[in-house]
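These notes concern the structure reproduced below.
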Amino acid sequence: MKRKRVKELLANPVTGEKVLVKGWVRTKREIKNVAFVALNDGSTINNIQIVMELSAFPADLLKDITTGASIGVTGILEPSQGKGQSVEIQAAEVILYGRCDPETYPLQKKGHSMEFLREIAHLRFRTNTFGAVMRIRHAMAFGIHKYYNDRGFFYLHTPIITGSDAEGAGEMFHVTTLDLNDLPHTKEGGVNFEDDFFGKPTNLTVSGQLNGELGALALGEIYTFGPTFRAENSNTPRHLAEFWMIEPEMAFWDLNDNMDLAEDFLKYLIKYALDNCREDLEFLNKMIDTALIERLEFVLANSFVRLPYTEAIKILEAVDRKWEYAVGWGRDLQAEHERYLVETHFKRPVILTDYPKAIKAFYMKQNDDGLTVRAMDVLFPGIGEIIGGSQREEELDKLTARIEELKLPLKDLWWYLDTRKFGTAPHSGFGLGFERLILFMTGMSNIRDVIPFPRTPRNAEF
RNA sequence: UCCUCAGUAGCUCAGUUGGUUAGAGCACCUGACUGUUAAUCAGGGGGUCCUAGGUUCAAGUCCUAGCUGGGGAGCCA
């Protein structure tokens, strides 16, 4: 007999039908003559109620049906006599696949703290919250591919291992096959990377952007979606050492086109979640963040504020308030400033543009004022910077001058500069932190709880 | 990395000014209950008080260092 997923069973219940379901027991309630088992198979947040007449099953089997045990149930789908569910399965046959010792199984039917669940990340998928978060995470990954595919963007796989240390986005993890206890040395005493696997020092990528630009300047519109690694000693609820990033890059698009894309893209994903993850969102709205759905609908319904950095500074300088970090043109905005603009002043997402060039990366397009670059950061309530992007500098002399000014290794970037030498074109792109998107979509408050296996300083368990 | 708070039963936490045998709720086990909904009711078992030093007649409680975790900041996505 073919097994049915609980999701399809509940979506399309045919009472009187004989069905087979398989899954994990969430709870069992036993009264005098009958036991009620809530069974979950991961396909949906909802459980199917299994009704077992105590007289019809061996006592040993009933004893083994505990929270966490895996079973298969064959029976007739019937309208439920009780409240709380419309249908239930009157069990005729129950197979026990795996026992689950209730004395040692760490998950209980009661709620657990996120901190505790993080210590048992291998089992936390079995909770309602992590089931919901992981299903939404999947839906967002799928929605991202669908969004770009439907718009003619090509999914470009940029390398995980890079020989370039010019990406300029923080500390990198080294990749080597050298024996760290017996390193080969050069005459000068340094490590001799000639003997290493690639014949030179290599690292894990901190961004696919530079490679993405190469693809865009031939394919037109591309996007990357892959893991990214930062060896920063960041200990916050918003940072991971290994995270996923989406980086679209578009030839012949300027900064305004770029902002239009960022806003449309984020709204598409919000709508996709509201349309496709309703039950999981409702669960999270009830248990994790009661303002979640309201906030998603609000962001979907309202346009983002677009504001040049210089105007933002004026707004912040006019506020009668003592900042922990001083506000002034040329200084980078701190979390408190961004939060004020998004959460207090505008009360909606804000896209800040045209930052001073000194506080932004070398590849950003220089404005005619000689002071600012065509950067854009999308700031979200509660999350802060969710997207960072820019129009890229496509003029070879300006880009070269900037690289030299910042004393970056010009010769290592010869391949990047070649795109400006041969048929250069204006182009733009941005990076969206996938886990930060999931934070926003789920109302979860710690980024370690929206990725299956978080990697953070001093933690690579599981 | 800096600031700050915390670490006591499987989980969440209480534990007074340092003072006899360290408590509660939930979970678990046993029993009761004619349809439950994180079922309910009664009973029972369960402790390296984070680790290492120190102060003291006496430390879960005070001091020092470390480890782990939370929150905030920086770096950023």
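Residue numbering restarts at 1 for every chain, and letters A, B, ... go by the order of the sequence lines. Nothing here was measured: the structure is a model prediction, and the numbers come from that model.
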*Separation of A77(B) P from Glu171(A) CD (nearest whole Å)*: 15 Å
_Length of the line joining Leu62(A):CG and U30(B):P, which is rounded to integer Å_ = 13 Å
*With sugar-phosphate meaning primed atoms plus P, OP1 and OP2, does Glu324(A) contact a base, only sugar-phosphate, or nothing at under 4.0 Å between heavy atoms?*
nothing
*Describe the nucleic acid contact of Lys28(A) in one word from base, sugar-phosphate, nothing, applying a heavy-atom distance below 4.0 Å.*
nothing
Are there any protein N/O atoms within less than 3.5 Å of an N/O atom in nucleotides 8-12 of chain B, and if so, which ones and at what distance?
{"unit_1": "G10(B)", "atom_1": "N2", "unit_2": "Gln108(A)", "atom_2": "OE1", "d": "3.2"}
{"unit_1": "G10(B)", "atom_1": "N2", "unit_2": "Gln108(A)", "atom_2": "NE2", "d": "2.9"}
{"unit_1": "G10(B)", "atom_1": "N3", "unit_2": "Gln108(A)", "atom_2": "NE2", "d": "3.1"}
{"unit_1": "U12(B)", "atom_1": "OP1", "unit_2": "Ser113(A)", "atom_2": "OG", "d": "2.8"}

*Nearest nucleotide by nearest heavy atom, which residue falls closer to the 5' end of RNA chain B, Ile387(A) or Pro457(A)?*
Pro457(A)
*Under 4.0 Å between a side-chain N or O of Arg339(A) and OP1 or OP2 of G72(B)?*
no
*Assess whether one donor atom and one acceptor atom, taken from the side chain of Gln85(A) and the base of U37(B), lie less than 3.5 Å apart.*
yes
*Checking only heavy atoms, does the side chain of Ser234(A) share a donor-acceptor pair with the base of C76(B) at less than 3.5 Å?*
no
_Are more than 12 heavy atoms, taken from residues, nucleotides or ligands other than His145(A), located less than 6.0 Å from that residue's NE2 atom?_
yes
*Less than 3.5 Å between a donor and an acceptor, one on the side chain of Glu88(A) and one on the base of G35(B), is that the case here?*
yes
*Tell me whether Phe434(A) is stacked on the nucleobase of A77(B), counting only the six-membered base ring and applying the 5.5 Å and 30° thresholds.*
no
*CZ of Arg331(A) versus C1' of G74(B): gap in Å, rounded?*
16 Å
*Counterpart base for G25(B), defined by Watson-Crick or G-U wobble contacts under 3.5 Å*: C11(B)
*When all nucleic acid strands are considered with a 4.0 Å heavy-atom cut-off, which category describes Gly82(A): base, sugar-phosphate, or nothing?*
base
*Contact class for Thr228(A) (heavy atom, under 4.0 Å): base, sugar-phosphate, or nothing?*
nothing
_Heavy atoms only, 4.0 Å cut-off, all strands: where does Ala335(A) land among base, sugar-phosphate and nothing?_
sugar-phosphate
*Which nucleotide, C75(B), C33(B), U37(B), lies nearest any side-chain atom of His239(A)?*
C75(B)
*asked:* With nearest nucleotide decided by heavy atoms, which residue, Arg458(A) or Lys32(A), maps closer to the 5′ end of RNA chain B?
replied: Lys32(A)
*asked:* Distance check needed: C75(B) C1' versus Leu240(A) CG, whole Å only.
replied: 14 Å
*Give one of base, sugar-phosphate or nothing for Asn235(A), where a contact means two heavy atoms less than 4.0 Å apart.*
base
